[in-house]
Amino acid sequence: MDARTLRTGLAAGALLLVSGGAAWLTGLPALFPSLGPTAYVLADRPTASESQPRRVLGGHAIGVVAGLACFVLLVGSGSVAAPPAAGSLAGLRLAAAGVLSVGLTTGAMLATDLRHAPACATTLIVSLGLLSTARAGLLVVAAVAALVAVHRAGRVAVSQGQRTLGASDTMQ
């Protein structure tokens, strides 16, 4: 394994420390599946357009809103965690909510220039009833904001460390 691969893997894991710690200490679902792909994008492509804070936060916020709207309008209660019977109306509603939420999220991200692909996972998490309350939606956005903050703090620390090393090299 080369050094870049190791650094990127460690960085992706480190980005989730705040959310993981918050989930552990509070018992709240502050660590959820779409944070993984977001951590990967931030660690692997930190300067890419999809890693811009406004796109990360905006994309996930759009995913939460679209997911909540689809869940409330089409499902109302239930989730894929306790799958409804095959061929049931409840199952059709869940499937429709998932399909529609991804379409709405994709369209809204493109229309607003807030493209961040992992937000499509967020919208599925919400629309399929896994985190489908307004409170859970706020928690999702807060966890994404914490992830972005950790990423920004890490980039600032690395940048300052590089400047310090560069300054000490020129002093010698």
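Distance check: L94 CG to L74 CG gives 9.5 Å after rounding to the nearest 0.5 Å. Expressed to the nearest 0.5 Å, how far CG of L130 lies from OG of S34 amounts to 10.5 Å. From L42, atom CG reaches atom CG of L147 across 5.5 Å, with rounding to the nearest 0.5 Å. How far NE2 of H60 is from OG1 of T105: 11.0 Å, rounded to the nearest 0.5 Å. Separation of atoms CZ (R155) and OG (S51) is listed at 8.5 Å; rounding is to 0.5 Å. The line from OG1 of T123 to CZ of F71 is 12.5 Å long, rounded to the nearest 0.5 Å.
Look at R7 and D2 and you find no salt bridge, because none of the NZ, NE, NH1 or NH2 atoms lies under 4.0 Å from a carboxylate O. Between E50 and R45, at least one side-chain nitrogen of the basic residue sits less than 4.0 Å from a carboxylate oxygen of the acidic one, meeting the salt-bridge criterion.
Listed by chain and residue number, nothing satisfies the salt bridge (Lys or Arg N to Asp or Glu O under 4.0 Å) test with R135 (two or more places apart in sequence, or in another chain). The salt bridge (Lys or Arg N to Asp or Glu O under 4.0 Å) check on R93 picks up nothing, with sequence neighbours excluded.
Two residues are said to be in side-chain contact when any heavy atoms from C-beta on lie closer than 4.5 Å; L139 and P29 meet this criterion. Residues V126 and S101 fail the side-chain proximity criterion, which asks for heavy atoms closer than 4.5 Å. In this structure, the side chains of L17 and V150 stay at 4.5 Å or more apart for every pair of heavy atoms. Counting only heavy atoms from C-beta outward, the side chains of P53 and H151 never approach each other to under 4.5 Å. Between V148 and Q52, every side-chain heavy-atom pair lies at or beyond the 4.5 Å cut-off.
Cluster membership check: V65 does not share its hydrophobic cluster with V56, using side-chain heavy-atom separations under 4.5 Å among Ile, Leu, Val, Met, Phe, Trp and Tyr. Linking ILVMFWY residues whenever their side-chain heavy atoms come closer than 4.5 Å, directly or via other members, places L131 and L100 in the same cluster. V141 and L15 fall within a single hydrophobic cluster, where Ile, Leu, Val, Met, Phe, Trp and Tyr side chains are chained together by heavy-atom contacts under 4.5 Å. Cluster annotation: F32 is connected to V18 through the hydrophobic network of ILVMFWY side chains, with a link wherever side-chain heavy atoms come within less than 4.5 Å.
No donor-acceptor pair under 3.5 Å is formed between the side chain of T38 and the backbone N or O of L35. No donor-acceptor pair under 3.5 Å is formed between the side chain of T5 and the backbone N or O of M1.
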message: Under the criterion side-chain contact (heavy atoms from CB on, under 4.5 Å), I'd like the reasoning laid out for R54 against D113: C-alpha separation, chi angles, the key distance, then a yes or no.
response: CA-CA 9 Å; R54 69 179 190 82; D113 193 31; 3.2 Å; yes
task: Would you sort out whether L104 and C70 count as a side-chain contact (heavy atoms from CB on, under 4.5 Å), showing the intermediate values?
output: CA-CA 9 Å; L104 290 172; C70 290; 3.7 Å; yes
Full working for side-chain contact (heavy atoms from CB on, under 4.5 Å) between C120 and M109: CA-CA 10 Å; C120 287; M109 286 191 302; 3.9 Å; yes
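Counted by atom type alone, R115 and S49 present zero donor-acceptor pairs between their side chains at under 3.5 Å.
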